[in-house]
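First the proteins, then the strands, lettered A, B, ... as listed; each starts at 1.
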Amino acid sequence: MSDASKVVTRYAPSPTGYQHVGGARTALFSWLLARHFGGTYLLRIEDTDLARSTEDAVHKLVEDLQWLGLNWDNKELVFQSKRLDVYNKLIDGMIAKGQSYKAWETPAELEESWKAAGKAKRQYVYRRTEVTAEQVKQYEAEGRAHVVRFAMPVKDYRFDDAVVGPGQGVAADQVQDFVIRKSDGMPTFHLAVVVDDAEMGVTHVLRGQEHLLNTVNHIALQEALGYQRPVYAHLPVILAGDTGAKLSKRARDQKIRQRAHEWIRSAKKTAAELAEMSGIAADRLEEWLTNDKKQLDLSEQPEVMKAIGLREHDLPEIMVRDFRKNGYLPEVLNNFLALLGWSPGGDRERMTMAEMVELFSLEGVGKANARFNREKLVAFNKEAVAAATPERLLAGFRDYLKANPESPVNRGDDGMLTKLLGMKAGFRLFREVDEQARFLFLRDDEVMYEAAAVEKVLKKNEGEGARMLRELKGVFEALAEWTAGAIEGVMNEFAAVRQVKLNNVAQPLRVAVSGGMVSPPIFQSLEMLGRDATVRRMERALSV
RNA sequence: GGCCCCGUCGUCUAGAGGCCUAGGACACGGCCCUUUCAAGGCCGCGACACGGGUUCGAAUCCCGUCGGGGUCACCA
């Protein structure tokens with residue numbers, strides 16, 4: 001604070017749920033800028049919207065930001081809702097000076113004049129209406145609510161944006177008096193950001209481009225309150241990779257609905273049947289199906305997904321939490337997010353956090369909106385995971401499992417997980433390792449046999465697969481040592497003698513022990529499973 | 001619709017008048033390898049939105065057209 005040249009940035013989310021990737025990138029850039037210049041990065045919670053803010057959301061937000069490693073420098077989180085006295089004092093001061101005033105229009109009245117302007121093909125601009133002292137007395141007597149508006153000095157407002165460019169803003173005929181205190185007594189975002197940024201000594205404000213024009217309100221307020229103007233940098237928007245539309249929190253729900261409709265059509269089912277299968281009241285499900293404004297609860301989504309055969313990975317990741325649950329490394333997400341709108345120049349792409357800190361600059365931030373390309377993120381993750389030390393990998397996998405407590409792989413000890421990670425070398429997401437390896441951690445009777453796998457691999461060709469299993473069982477029981485190498489040797493020999501491809505032996509075995517057609521490399525899997533379990537599952541498969 | 005911003009391969013981008021017959025990454029196609037899924041190796045396809053200027057010379061500067069986005073709240 002004493003050093004005026006120090007960079008101070010901040011990320012100021014409003015707590016409405018898990019952290020969105022768009023916000024995460026804003027946080028990342030703010031963090032990178034501060035760290036690059038050895039400055040300070042702060043986190044502030046903008047909870048002035050009483051209706052939407054929840055304490056639970058604050059926890060989720062904080063958890064996601066911590067997961068990304070974007071540590072903030074303020075020991076205590078700043079909550080705007082706890083700073084009402086500060087804002088009110090300033091607001092009252094501005095009222096006394098005539099810079100702000102109480103406005104008494106009801107929402108209905110405002111809407112009416114807004115509509116009238118629309119009809120007259122005129123842009124709606126709020127104009128201060130003269131109210132006599134008598135009228136005010138009457139309003140107060142009838143308990144009418146009021147807001148406080150800022151009396152915006154009418155003039156052109158221009159500012160230089162570090163990303164968008166110089167000369168941004170609006171002309172005088174577009175400015176209007178905006179609300180700074182709502183009728184519930186809370187300050188609006190406009191007032192609160194300006195005050196807090198000034199008091200926290202914020203020097204660089206990074207935010208999404210949707211805030212570009214709000215900046216003129218903020219500048220006017222800064223001028224009225226005698227604050228310094230920070231450097232503004234408005235970041236381009238991140239769009240959905242598939243549709244090119246805005247990345248919205250509803251995208252996952254929409255995807256589930258779309259697939260539910262497809263499922264009903266192709267499986268010749270009804271909505272009622274789907275409701276029954278997923279344990280949701282029929283009328284509620286029906287409403288969700290036909291009204292895309294409705295969303296399923298987080299607890300209902302997995303049930304419907306299970307019923308229609310939709311997997312977690314089929315849904316677009318929108319929240320930081322989604323990425324964690326699908327098994328991406330946080331440093332990879334950061335790297336990828338950084339490249340959405342920023343480039344260090346040249347061919348440089350893969351960077352550690354430290355390298356990004358070193359290379360980051362606002363000059364490298366582009367102006368054009370960017371689409372979120374999940375395939376590239378997956379490829380980045382694959383590379384990072386292939387290059388990671390066993391320790392980093394294990395920690396990452398443990399973190400993934402923590403986010404997926406229902407996975408039976410949680411039962412494994414560190415030694416087993418490390419071994420498993422080694423077996424699956426070349427994997428892209430932890431989720432793949434988890435889903436393919438679950439059978440190794442199940443009890444024999446928990447293994448579910450996929451109908452398609454049984455049909456294709458065991459029953460086809462007059463039960464050739466099953467016959468292989470029967471014969472192989474004896475070979476396994478007689479095997480001297482139970483190691484991957486020994487199993488491989490004996491199976492190759494077995495296939496050679498019978499003049500069949502190894503695949504014809506390996507696949508039935510895979511189905512027998514895992515229930516499905518994909519697994520980690522089979523020899524090592526069997527070694528980990530153990531001879532007893534392997535033989536038991538072969539017997540069980542044969543009896544089913 | 002008004003105002004504002006943006007526009008290089010399918011996608012993210014490099015490019016700040018000659019280094020560009022436009023570079024990289026991901027995706028995609030082909031071949032090889034392979035016990036499943038992956039992974040890996042080699043080769044390949046692929047863009048300066050369009051039209052006018054300025055200039056000896058333009059992806060880079062100017063104008064227009066078209067396309068995309070943002071914003072017009074007592075939400076942030």
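- Whole-Å rounding puts the A:H313 NE2 to B:C37 C1' distance at 13 Å.
- Per the geometry, CG belonging to A:D49 stands 16 Å off P belonging to B:A73, to the nearest Å.
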Solution key, residues 310-319 of chain A side-chain donor-acceptor pairs under 3.5 Å, sequence neighbours excluded:
from, atom 1, to, atom 2, distance (Å)
A:R311, NH2, A:D314, OD1, 3.3
A:E312, OE2, A:R252, NH2, 3.4
A:H313, ND1, A:R374, NH2, 3.3
A:D314, OD2, A:R311, N, 2.9
A:E317, OE1, A:R374, NE, 3.2
A:E317, OE2, A:N326, ND2, 3.0
A:E317, OE2, A:Y328, OH, 2.9
A:E317, OE2, A:R374, NH2, 3.2

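- Listed nucleotides B:G70, B:C75, B:C74 differ in distance to A:K246; the shortest reach to its side chain belongs to B:G70.
- Considering only residues two or more places apart in sequence or on other chains, A:R498 meets the side chain to side chain contact (heavy atoms under 4.5 Å, CB included) condition with A:M468, A:E471, A:F494, A:V500.
- Annotation: cation-pi pair A:R229/A:F159 absent, no NZ/CZ under 6.0 Å from the ring centroid and within 45° of its normal.
- Look at CG on A:D160: it is 13 Å from P on B:C5, rounded to the nearest Å.
- With B:A76, B:A14, B:U35 as the choices, the nucleotide that has an atom nearest any side-chain atom of A:S343 turns out to be B:A14.
- Comment: A:D64 does not engage A:K60 in a salt bridge, judged by the lack of any side-chain N to carboxylate O separation of less than 4.0 angstrom.
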Between the protein and nucleotides 26-31 of chain B, which nitrogen or oxygen pairs come in under 3.5 angstrom?
from, atom 1, to, atom 2, distance (Å)
B:C26, O2', A:K376, N, 3.1

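- The separation between A:N369 atom CG and B:G70 atom P is 8 Å, rounded to whole Å.
- For A:K182, a side-chain nitrogen or oxygen approaches OP1 or OP2 of B:C75 to under 4.0 Å.
- Side chain to side chain, A:T129 and A:E105 meet the donor-acceptor criterion of an N or O pair below 3.5 Å.
- Contact of the A:S113 side chain with the A:R127 side chain is not registered, since no non-hydrogen atoms from C-beta on lie closer than 4.5 Å.
- Considering only side-chain N and O atoms, A:R149 lies under 4.0 angstrom from the phosphate OP1 or OP2 of B:C74.
- When rounded to the nearest whole Å, the span between CZ of A:F178 and P of B:U71 equals 17 Å.
- For the OP1/OP2 pair of B:A76 and a distance below 4.0 Å, the side-chain nitrogens and oxygens of A:T188 include no atom meeting the criterion.
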